[in-house]
Structure formats: C-alpha cells, structure tokens
Amino acid sequence: MPIRTDPDRRLVALDTDATTYAFAVDPAGLLRHLYWGPRLDRLADVEAPALWEVSTNDSVAEITHEEYPIHGGLRFKETALAVRFEDGSREARLVVTGIAVDAEAQEVVVALLDAPRGLTVQVHYRVLPGLDLIERWAVVRNEPSEAGREAGVIAVTAAASAQFHVPRAGLTLRNVFGHWGAEQQPFTQQVGPAALVLESRRGISSHHHNPYVVLDADASEDAGEVWCAALAWSGNFRATVAQTPYGDTLVQLGLNPWDAEVTLAPGESLTTPRVVAGYTAQGLTGISHHLHAYGHGLLDPRPRPVLYNSWEATGFEVDLEGQLALAQRAAGIGVELFVMDDGWFGRRSSIDDGLGDWWVDPGAFPDGLGPLIAQVHELGMDFGLWVEPEMVNPASDLYAKHPDWIYRDQVHDPDTARGQYVLDLTRPEVQEHLFAVLDLLLRENDIAYLKWDANRPMSAVGAHRDAHRAHIEALYTLVTRLKGTHPGVMIEACASGGGRIDLGALGVFDDVWTSDNTDAADRLVMQRAYSLIYPAKAMRAWITESPNFLSQRSIPLDFRARSAMMGTLGVGTDLMRADDAELKALAAHIATYKRLRPTIQDGRVYRLDNETGNDYQFTGYVREDRGQALLFAFLQASRVGHRKPTVRLRGLDPAATYRYAVNGVPHEHSGAYLMGHGVPLWLMGDYDSALVEFDRT
Ligand code: DGJ
C-alpha cells in the first residue's frame with residue numbers, strides 16, 4: 001500500500017518503491033513537511049523537530065516547513081499561493097480541514113480553508129510507485145458558501161504547483177540555459193542563501209531555461225543522492241531554489257506569477273499544472289530513468305517514423321515539382337514520412353506574410369496538396385505538414401478580417417516579432433476557427449503528421465490578466481481535440497527550434513523539435529542535457545548538410561548520422577545536392593536505425609563516463625527484453641595524449657554474454673567484464689565516431 005497514515009498524528013507517508021515522502025498536520029492546523037528521502041518502514045521515526053529547536057525568535061509560520069504556504073500573517077518566506085480579496089486585502093490564513101485518501105487512485109487530497117474568506121485549497125498528491133516519483137498539484141477555489149458572507153471575487157496573484165523542502169544544504173542546482181540555436185546548454189550552480197530563480201516569461205517554456213529543478217550533492221551518474229521536480233507545463237513557469245536559514249533547501253515550482261492574475265468568481269476554481277518529483281540515491285542516471293519512464297507514460301507508444309523535412313533544403317521556396325523531387329529521393333533512402341515544412345500556404349514567401357491563411361498556395365500547388373500526397377503515398381511514405389496555428393501575419397486575409405483576434409492593448413500598436421502576431425487563443429471564436437481550419441485540412445488531405453510551430457513569444461497581452469496561462473490551456477485543448485477527431489495523427493511540438501521542450505508538451509504532442517541548430521557536434525551537448533529529464537523517444541534530430549548552415553562546420557556523414565540516430569531520426573539534407581555515394585550512405589544509416597529503433601526509442605539511456613583527457617562522448621542504450629545494448633561513441637578533436645579509450649558500459653546483465661564487433665573484429669564478453677573493464681575503441685583524428693551493437697547470446 002503506497003499510502004500510509006497515522007491518524008493520531010494526522011500524518012501521511014507516500015511510499016514509492018525506494019522512497020518515502022511524509023507530511024502531517026501540526027496542532028496549529030499547518031500542513032507541515034516532515035520527510036523526503038530513502039524508503040522508511042518505521043513511521044514512528046518520522047517526527048518534526050520542535051520549532052524551538054529551529055528558532056525561538058521567528059514565528060511558527062515562518063519556520064514551519066509548510067507544504068503549500070499562503071501569503072499572510074508572520075510569513076516573510078516564499079509562499080506557494082498569494083491572493084487578493086475583493087476588499088483589496090491580501091491577508092489569508094489556511095488551516096487544514098481534512099485529509100482524504102483514495103487508495104485506488106493512490107492519491108491523497110489535503111483540504112485547507114480560510115473560513116472567513118471562503119477560500120479553499122486542495123493540495124493533491126499522487127504516488128507513482130513503479131517510477132519512484134510522486135505528482136503534486138493544487139486546486140484553489142472561491143467557495144463563498146463556506147464563508148457565510150456576501151460572495152466576492154478572489155484574485156489569485158501567485159499559485160505554484162508545489163513547494164518542497166529538501167533536507168540538505170550546500171546542494172548543486174542543475175538546469176539548462178540558452179537561446180535560439182543554442183537550447184539545452186547545461187549548467188550547474190551552487191545553491192546558497194540567496195535565492196536562485198529560473199523562469200520563462202515568453203508564453204512558451206522557452207529556449208532560455210527549462211521547467212525543472214535537479215538538486216544533488218556531488219552525485220555522479222550512477223551514485224549519490226538526487227532530488228528532482230519537473231513541471232508539466234509548456235508556458236510561463238517559475239522555479240525558486242534557496243537554502244533556508246535553517247539548513248535545508250526550499251524549492252518552489254509552478255506557474256509564473258509575472259504579469260499574471262487569475263480571477264475566481266464565486267464557485268470558480270484554478271487547477272495548477274502537475275509537478276512530478278522524486279528522490280534517488282542512484283545518481284543522475286537514476287533520476288533520469290524515473291523521469292524517462294514517466295515521459296514514456298505520457299507518450300503515444302507507437303514507434304516514431306524516420307522522417308524527411310524540407311526546411312533546410314527548400315526554405316520558403318516550396319512547390320509541387322521541388323517537393324516531389326525531394327520525396328522521390330527521400331523514399332529511395334528509406335524515409336518513412338515526408339514532411340513539407342513552411343511555405344506551402346496562403347501568400348507565404350517569407351516570414352512576413354501568409355500566417356493565418358491555411359489554404360494551399362495555388363501558385364505552388366495548382367491542384368492542392370492531393371497530387372503531392374498521392375505521390376508520397378505511392379512512394380511508400382506517409383505525408384506530414386508544417387503549421388503555425390497560434391500566429392498570424394499582419395499581411396494575411398485572416399488579420400485583415402479579424403484584427404481584434406490578436407493579443408494587444410487598446411492604445412499602443414502591437415509589436416511584431418518574426419513579422420507576426422500571436423492570436424488570442426483564449427477567445428472561443430479563435431479556438432473554433434482554428435479547429436475548423438485544421439480539421440478541414442486533415443479531413444481533405446491524408447496527413448499523418450503535423451509539425452506545430454510557434455515562432456514568437458507572447459507579449460503585450462493588454463487587459464487580459466490571465467493570458468499566459470489560459471493560452472497554454474487553450475493550446476492543449478485545441479491539440480487534444482484535433483487528435484481526438486483525427487486519431488493516429490502525430491503532432492510535433494516546435495517553437496522556433498526547442499522552445500517547447502517540457503513534460504506538458506510530452507503529454508499532448510508526440511515529438512519535440514530539439515533545436516534549429518542541427519550541427520551534429522553541438523547537438524551532442526544539447527541531447528545529453530535533454531536526456532537528464534526527457535526520453536529519447538520524443539527527441540527529433542535530423543541529419544543535415546556539411547558544412548552546417550548555422551555553424552559552418554564540416555563534419556563527416558557518419559558522425560552526423562550517429563548523432564541524429566540518438567533520438568527520433570530525421571533527414572534535413574538537400575537531397576537534390578547529394579551524390580550517389582552520400583545517398584547510399586544515408587540509406588545505410590537509416591536501415592541501421594530502423595533495425596535498432598526499438599532499443600533507441602524505448603530502451604534505457606546511460607550517459608557513460610569519458611575517463612580520458614580527450615574530447616569524447618559515450619552514450620549507452622540498453623533494451624533488456626531484446627537482449628540488446630548499443631554504444632554511441634564520438635571523438636570531436638583528437639589532442640596530444642590521445643589514447644585508446646576503454647568505455648565501461650552500464651545497465652547490462654553481468655551474468656549474460658554479449659557478442660559485438662569493433663572495427664569488424666568480433667568479440668564476446670560477459671556483461672560483468674563489459675561493465676567492469678570496458679570496451680576498447682579506436683577513434684582517431686577529428687569527428688570520428690562509432691556505433692557498437694551488443695547482442696546477448
Ligand atoms: C522554426 C522551426 O524551428 C524550423 O524548423 C522551421 O520549421 C521554421 N520555423 C519554419 O519557419
């Protein structure tokens with residue numbers, strides 16, 4: 001039973017396979033955090049320190065480790081919730097009124113109430129035993145009947161999904177930073193007494209930080225304590241991490257209160273996004289494996305097809321003839337899905353026109369998309385299409401007809417970014433219009449895949465106080481409705497490259513576009529950082545040309561292909577410029593990928609150590625039920641002191657024997673040997689690479 005209670009002490013313990021998370025209601029009615037760490041069988045051990053042991057000078061509310069504190073009283077710390085009542089007061093007091101356990105759903109709901117104000121809060125917990133994770137979220141409700149007073153509105157000015165207390169100080173925070181073309185750049189930062197804030201204010205989860213917190217004290221990949229919290233949300237978020245004066249670390253994660261306010265009329269409620277959190281003593285790989293399993297649970301289990309995407313080849317210059325020529329070559333190398341990117345609709349010829357007009361450009365496709373799709377099918381591929389539904393160009397029929405459909409204020413001119421505005425998706429008529437247009441597109445054309453782009457941030461939302469949150473809710477509703485109406489259609493989340501990589505996107509979309517930077521060496525850095533939280537199954541990666549359009553770096557095809565094969569493989573090369581040798585090599589890599597796909601897309605990922613002084617990256621994929629393991633090895637630059645690396649694998653069955661070949665020479669070794677001693681490789685020069693397959697005998 002994953003939920004244990006001690007009614008006398010009003011205590012609840014949430015047990016996963018290897019962890020326990022415990023809280024209790026204290027005599028003042030505060031919901032007090034008690035324990036988060038390795039699994040505890042003896043509940044009696046869990047007790048809160050007496051508050052005088054913490055501080056005799058500070059108020060109870062200040063020093064209590066509350067699970068979901070609200071602004072008000074003698075509280076000067078970070079609070080999870082803040083509201084403003086109709087009379088202007090921000091003063092609230094919550095006390096616990098009940099704890100409900102739903103054994104079947106493995107869920108606990110703690111009810112809190114500010115009785116005089118009629119404000120109720122439900123703090124939700126769900127246990128995910130096999131994954132060693134818990135989920136948390138909150139529901140804030142304006143419940144005037146509780147107050148026995150005249151009903152008034154309540155403005156919610158901040159509502160995090162959860163607050164956590166990690167029982168250690170001196171921890172290291174891990175996240176990513178970046179910008180367009182440089183997403184998923186990993187960094188670590190020491191947590192100290194000054195708060196660290198990670199956030200997005202752009203209306204997407206963004207290229208700049210990612211909505212999660214990973215904390216550890218010198219954990220390695222396979223050992224050491226790690227705590228994590230990741231938010232299932234594709235919009236503005238805020239994470240606050242700080243060492244408290246009392247020797248532990250506070251983490252708060254949820255909707256960003258920046259430029260946001262949710263108004264609750266009597267009877268209305270706000271449900272926050274979910275945050276998934278966990279502890280492990282098995283190091284960074286341990287936490288990644290739990291989160292990957294969680295991600296797989298969100299994703300459609302079907303294998304992701306090998307796709308071709310036209311963007312780097314043809315840009316906005318798309319027409320029937322050009323796309324057909326590409327499609328023929330794509331089919332010839334084994335591509336399964338042909339995706340036509342931007343440029344096919346309205347009067348689109350650059351970033352400055354056409355968005356919003358989702359009718360097929362008759363100049364480029366005189367008979368619509370039908371002939372192209374028919375040919376693509378005849379070539380044995382599915383067809384996919386790029387769309388950017390949330391946006392509109394000023395130069396479009398849609399904007400001419402509905403200039404009031406964008407986020408704007410009534411006084412100032414709205415700003416364009418990438419030549420476009422953001423449609424106010426929170427308006428029912430905009431929702432209906434977009435559903436109708438996309439539904440028609442999918443009904444009239446046999447489309448198996450949409451690449452759903454979003455190329456500018458939201459800004460200047462005018463009087464709409466809840467725009468950033470409501471936009472993402474509306475986006476999820478729209479995508480979910482489309483997928484419900486057209487089951488089987490897969491949708492890729494893209495936002496100017498990797499601006500929508502988050503667990504919220506994984507819950508609704510099927511793939512995420514990692515970055516417009518397709519340089520294979522840069523991608524190795526991004527992909528490794530991505531793998532801390534997200535599963536390879538959703539990570540789109542393309543093989544593109546050399547020199548790369550962005551980095552201008554020349555990298556051999558084997559290296560480029562293997563780098564892209566570590567996720568869901570695509571090809572973005574201009575195939576019309578590829579010679580026979582290159583097409584043949586691409587075909588060979590695609591065939592290899594298809595053979596290894598079940599291990600790459602559904603196996604376990606191990607970020608292996610580079611024990612040499614040289615610039616290697618090693619990654620293992622293991623699929624136990626297939627008895628298969630893979631080693632992806634890359635050498636970027638050989639330097640003085642280069643020596644043959646011996647790569648120690650992880651995740652194998654020590655008692656099993658594995659067959660593999662290095663440089664064409666066959667070997668057979670036990671899992672114990674391959675993990676304890678390792679595999680000697682021989683990579684030389686610059687941009688050398690290897691992909692080694694291990695099959696259990
Ligand atoms: C940004 C995306 O990241 C690219 O892959 C491409 O689809 C362009 N938008 C098209 O405008």
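Atoms within each ligand, like the ligands themselves, are counted from 1 in listed order. Since this is a predicted model, take the numbers as computed values, not measurements.
- When each of Trp311, Phe345, Phe365 is paired with Val318, the side chain to side chain contact (heavy atoms under 4.5 Å, CB included) condition holds for Phe365 and for no other.
- Looking from atom 6 (C) of ligand 1 to the surrounding protein, the closest heavy atom is Asp341 OD1, 3.4 Å.
- Of the protein's non-hydrogen atoms, Asp342 OD2, 2.6 Å is the one closest to atom 11 (O) of ligand 1.
- Which of Thr518, Val339, Asn455, Asp516 comes nearest to atom 4 (C) of ligand 1 through a heavy atom is settled by distance: it is Asp516.
- A perpendicular orientation is assigned to the rings of Tyr534 and Tyr212, their planes being inclined by more than 60° (bins at 30° and 60°).
- Applying the salt bridge (charged side-chain N to carboxylate O under 4.0 Å, His left out) test between Arg500 and each of Glu390, Glu492, Glu183 identifies Glu390 as the sole match.
- For ligand 1, the polar-atom distance check finds no N/O of Trp542 at less than 3.5 Å from any of the ligand's N/O atoms.
- With Tyr421 as the aromatic partner, Arg456 does not meet the cation-pi criteria of under 6.0 angstrom to the ring centre and within 45 degrees of the ring axis.
- Scanning the protein for heavy atoms near atom 9 (N) of ligand 1, the closest one is Asp453 OD2, 2.7 Å.
- For the residue pair His464 / Thr426, a side-chain donor-acceptor distance below 3.5 Å is found, with atom types taken as modelled.
- Between His292 and His289, the angle of the ring planes lies from 30° to 60°, which puts this pair in the tilted group.
- Heavy-atom contacts of Lys451 reach the following atoms of ligand 1: 4 (C), 5 (O), 6 (C), 7 (O) (cutoff under 4.0 Å).
- The salt bridge (charged side-chain N to carboxylate O under 4.0 Å, His left out) test with Arg348 is passed by exactly one of Asp397, Asp361, Asp342: Asp342.
- Where the criterion is an N or O separation shorter than 3.5 Å, residue side chain and backbone included, Arg348 fails it with respect to ligand 1.
- When non-hydrogen atoms are compared, ligand 1 lies under 4.0 Å from the side chain of Arg418 (C-beta onward) but not from its backbone.
- Polar contact with ligand 1: absent for Cys494 (N/O pair, distance under 3.5 Å).
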